[in-house]
Structure formats: C-alpha cells, structure tokens
Asker: 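Attaching a single structure in structure tokens format; questions to follow.
Residue numbers begin at 1 in each chain, while the letters A, B, ... track the order of the sequences.
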Number of protein chains: 2
Amino acid sequence: MVGARRCFARNGFHATSMQDVLKEVGLSAGAVYRYFSGKDALIEAIADEAFAVLRDAFDEAARQSPPPLPDELLAYVLRKCFAGTGFETEQEFGQLVLQVWGETARNEALGARVFAAVSVMRAGWTAVVKEYQRQGIMPADVEPEYAARTLMGCAMGFIAQQALFGDLEVGQMQQGLRGVMRMEVPNPS
Amino acid sequence: MVGARRCFARNGFHATSMQDVLKEVGLSAGAVYRYFSGKDALIEAIADEAFAVLRDAFDEAARQSPPPLPDELLAYVLRKCFAGTGFETEQEFGQLVLQVWGETARNEALGARVFAAVSVMRAGWTAVVKEYQRQGIMPADVEPEYAARTLMGCAMGFIAQQALFGDLEVGQMQQGLRGVMRMEVPNPS
DNA sequence: CAAAGTAAAACGAACATTCCTTCTTGACAA
DNA sequence: TTGTCAAGAAGGAATGTTCGTTTTACTTTG
C-alpha cells in the first residue's frame, strides 16, 4: 500500500497503471486483486487514508483548549500531517493530497466524503475563532467562519507549495503567519 | 480550446480521453491533430494558459505602488484570476489549476515553467512585504520571504477551496484575512 | 491441509493516433 | 457572372497498443 501511494503521488491516479503499482510493490496481480476489487477501490482506499490524515490533524488541533494562536495551531496541524504517517517525504504527502483534491471533481463518492470531513474541520476552526473573539484576540466584527476558512486556506496553500517545491518548512510559514497577525493596520475601517 | 479546458477541469487530464474532448468541442480527430501534435501538447497548452492567468494576476498585483494591504491585494489577485478569463465558473478555474499543480509532479517541462513563474511571483510579493516593513505596517523581524509565501499560500488555499466546493466568495476571504491582520497578539515573543 | 502468493497467458474494452476521404474556400481565367 | 482548381480544413473509420482484469496451474508458507 505504501508502494501504491508512492506511485500515485509521483504520477497521479490515472497516469499510473496497475502494472506500475504491481512492479513497485513487488507483488503479482493475483495478490493485489485478492485485497482490492479493482483499481478504483485501491484509489479510494489510498485517497481515504491520505485525507484521514488531514482530517485528524485539523480536528485534533481544533480541540485543544485553550486554543493556541493561529500560527502555532497551523504549525501543529502541518507537522502532524507530515510526521509519522508513513510518507517518505513531506513533498510526497503534498502531491498525494493534490491528487485527492483533483480526484474529488470526478469521483462523487470521494467528493462527498471529503466534503463531510472538511465540514467538520470548518466547524472546529470556526469554534476556535469564536474563542479568539471571546478573549478579545480577534476583532469581533469578523465573521468567524470567514476567518476559519482563511486559516484553513493558509494550511492548504502550504501543502500545495510543499507539493510543488518541497522546500518550505513549517516554521517558515509559522513565522510568516505570525507576521501577518502582528501587522499594524493603518485605517481600521 | 475552451471545450477541452472544460473537459480537463471536470475529469482531469488523464481521465479525459481524446474522444471526450472531440465530442465536447464538436470537432473530429483530424481537425484537432492539425493544431496539436498530440494529447500532451494539448495538455501543455491548456496548462500554460491556466497558469499564465495566475502568474499575470499575481505579478500585476505585486507591481501596484504603493501596495494595498494584503487583504486587498489578495482580493485583487483572486478577482483577476476568476474574471474575464473565459472560464465558465470560478470553481472550474480552480479545478483546472488543481490539475495543473498535480501534473507538475510528472511533467518535467511543465514543472520547470511553473517553478519559474512562481519564482517571479514570490520575488514580487517579497518586495511588497519589504515595503510593508519600510512603512512600519509589518514587523521588521519577520523574514519577508516567509510572509510572502504565507500570503501566496492563502491565495492558493482559496483557489483550492474554490475548486473543492465553489461556495467561497473573494470578499469572505478578504474579511477573514483582515481579521487575522488585525489580531491582538498577547505575547510578542 | 489451507491460506496466500507467483507466473504467465489471455480477454475485451478503451485508448491515442493515423490515414484516407470529403468538404470548404478563394483566387483566377473564360 | 460563372466555372475551375488547388490547397487548406475537417471528417471519420481503422489501427495497433496499452490497460484493467480474469483465469489457470503451480509454489511457498505456516
């Protein structure tokens, strides 16, 4: 399964042939088809696994009480995503996530599961933002959901950049986000 | 070409057959193969086009003087991406960008071009952040490049969310980012 | 003995691409 | 105005290949 993951991350789900996967994992067709009914099932299993890593990391981070500041929260999530999930490199994980995102457009079942998972994430992070507002850290006139989606977007953008270049460290994005948080906005309109 | 774009956005580059494209654009194989040497050439042309939209929007935004605040800058970029580029919906554009990102992993030539374009974007936005620092808007102890990549990540994350759900408006992310910019950070460490 | 895997062959379906035919256009001569 | 013709453009069936999958008989492992 780890070999199939590497194939899919490297070449995409549909540009990877079963023969590629079989060669990479060193098994015969009979062995793989004993456990997966077909290529689609294999794709779904691997997409599910990859997205579960995302969901769990986001979810766990949002449950911390009191919630750390956004930059720390994001760093926590991203480190959680990239660490101890059996992926060879951070870039490989990012590439696989990109493939999963792309696949949701055409795989309705997968799309529904991704949508459900993201809804949970969004709710959790919205709650975190509300807590910021309760503490007076975040301005009260901001719609919590919008701020939550902005922060999630930051994390997703980090993953995308990691997939594309693989040269970004979590600490760098943390420092960058912290800088944005600490900006002095001239005209509070 | 617009029809091929729609096919690729909907189904991905490799899960879309030439027959799908031919049916969508209403042309025969002979007609298409007169202008594109093959499927790869068609993919590259469409990927280039999509990414050029991104590059131009980022580039143009970064050249504004004096630079607007990040939330306005981001809103400007995203609106520029989504408007008047011949794409049917914002979601469709996002889905195509996702496909292009995923394709860079396996198409070296395309990856090189994307890398070059992003390098330009990054440099421009780093310059913008430095200008913020000169004006005292952004803390001076933040590495400009990190902040620039964080902001780019925000934009990329927005595009990804747009691709996945299509229910996010630019103004919402602008408000969310503005909220983050206006946070009161308790312990300036 | 039984579960799990191997190796190789074979299958139809789907695929990208080619090749030959047909249609369209526009300049030019009668 | 009309007819001719060459060249470009498009059509569409045919081709050879690759793919996912199944099947079969045989081997390893516990």
Side-chain angles (χ1 to χ4, degrees), chain A residues 1-51 86 92 95-96 98-111 113, chain B residues 1-51 86 92 95-96 98-111 113:
Chain A
M1 187 120 160
V2 48
R5 218 162 46 187
R6 196 161 38 231
C7 281
F8 287 144
R10 201 189 306 132
N11 265 341
F13 291 125
H14 301 287
T16 301
S17 70
M18 275 294 157
Q19 281 90 339
D20 291 337
V21 174
L22 297 179
K23 191 177 297 179
E24 177 86 26
V25 300
L27 290 179
S28 63
V32 170
Y33 276 89
R34 186 180 296 274
Y35 296 104
F36 297 96
S37 64
K39 189 182 184 183
D40 285 341
L42 183 59
I43 289 177
E44 287 210 3
I46 285 185
D48 269 353
E49 184 202 41
F51 210 79
E92 185 188 304
Q95 287 168 342
L96 191 58
L98 238 47
Q99 297 296 332
V100 174
W101 286 348
E103 188 66 10
T104 56
R106 41 171 269 105
N107 187 330
E108 220 166 309
L110 186 60
R113 264 174 293 179
Chain B
M1 188 121 159
V2 48
R5 217 163 48 188
R6 198 162 36 232
C7 280
F8 287 144
R10 201 190 306 132
N11 264 341
F13 291 126
H14 301 287
T16 300
S17 70
M18 276 296 158
Q19 279 89 342
D20 291 337
V21 174
L22 298 179
K23 191 177 294 178
E24 178 85 25
V25 301
L27 290 179
S28 65
V32 170
Y33 275 87
R34 181 174 300 275
Y35 298 105
F36 298 97
S37 64
K39 189 182 184 184
D40 285 343
L42 183 58
I43 289 177
E44 287 207 5
I46 286 185
D48 270 353
E49 184 201 41
F51 210 78
E92 185 188 303
Q95 288 168 342
L96 191 58
L98 239 47
Q99 297 296 332
V100 174
W101 287 347
E103 188 67 9
T104 55
R106 41 171 267 106
N107 187 332
E108 219 166 309
L110 186 61
R113 264 173 294 180

Asker: Go through the steps for B/Phe13 and B/Leu96 under the test side-chain contact (heavy atoms from CB on, under 4.5 Å), then give the verdict.
Answerer: CA-CA 9 Å; B/Phe13 291 126; B/Leu96 191 58; 4.3 Å; yes
Asker: Got a list of protein N/O to nucleotides 2-7 of chain C N/O distances below 3.5 Å?
Answerer:
residue: C/dG5; atom: OP2; partner: A/Tyr35; partner atom: OH; Å: 3.0
residue: C/dG5; atom: N7; partner: A/Arg34; partner atom: NH2; Å: 3.4
residue: C/dT6; atom: OP2; partner: A/Ser28; partner atom: N; Å: 3.1
residue: C/dT6; atom: OP2; partner: A/Ser28; partner atom: OG; Å: 3.1

Asker: For B/Tyr33 and D/dA13, what is the distance between atoms OH and C1' respectively, to the nearest whole Å?
Answerer: 15 Å
Asker: Nearest whole angstrom, please: distance from the C1' of C/dA16 to the CD1 of B/Ile43.
Answerer: 11 Å
Asker: Identify the two heavy atoms, one from A/Ile43 and one from A/His14, that lie closest to each other, and give their separation to 0.1 Å.
Answerer: CD1-CE1, 4.4 Å
Asker: Could you tell me the separation between the CG atom of B/Asp40 and the C1' atom of C/dT17, rounded to a whole number of Å?
Answerer: 12 Å
Asker: Kindly indicate, with the supporting measurements, whether the criterion side-chain contact (heavy atoms from CB on, under 4.5 Å) is fulfilled by A/Leu42 and A/Tyr35.
Answerer: CA-CA 9 Å; A/Leu42 183 59; A/Tyr35 296 104; over 6 Å; no
Asker: What is the distance, rounded to the nearest whole Å, between atom NZ of B/Lys23 and atom C1' of C/dC15?
Answerer: 14 Å
Asker: Check the phosphate of C/dA16 against B/Gln19, side-chain N and O only, distance under 4.0 Å to OP1 or OP2. Yes or no?
Answerer: yes
Asker: About how many Å separate CD of B/Gln19 and NZ of B/Lys23, when rounded to the nearest 0.5 Å?
Answerer: 8.5 Å
Asker: What integer distance in Å separates B/Met18:CE from C/dA13:C1'?
Answerer: 19 Å
Asker: Drop me the distance from A/Glu44's CD to A/Glu103's CD, to the nearest 0.5 angstrom.
Answerer: 8.5 Å
Asker: Expressed as a whole number of angstroms, how long is the span from A/Phe13:CZ to D/dC19:P?
Answerer: 18 Å
Asker: Working to the nearest 0.5 angstrom, can you tell me the gap between B/Arg113 CZ and B/Phe51 CZ?
Answerer: 11.5 Å
Asker: Report which part of the nucleic acid A/Thr16 touches: base, sugar-phosphate, or nothing (heavy-atom distance under 4.0 Å, all strands).
Answerer: sugar-phosphate
Asker: Could you give the CZ-to-P distance, from A/Phe36 to D/dT22, as a whole number of Å?
Answerer: 15 Å
Asker: Taking atom C1' of C/dT18 as reference, at what distance in whole Å does atom NZ of B/Lys39 sit?
Answerer: 17 Å
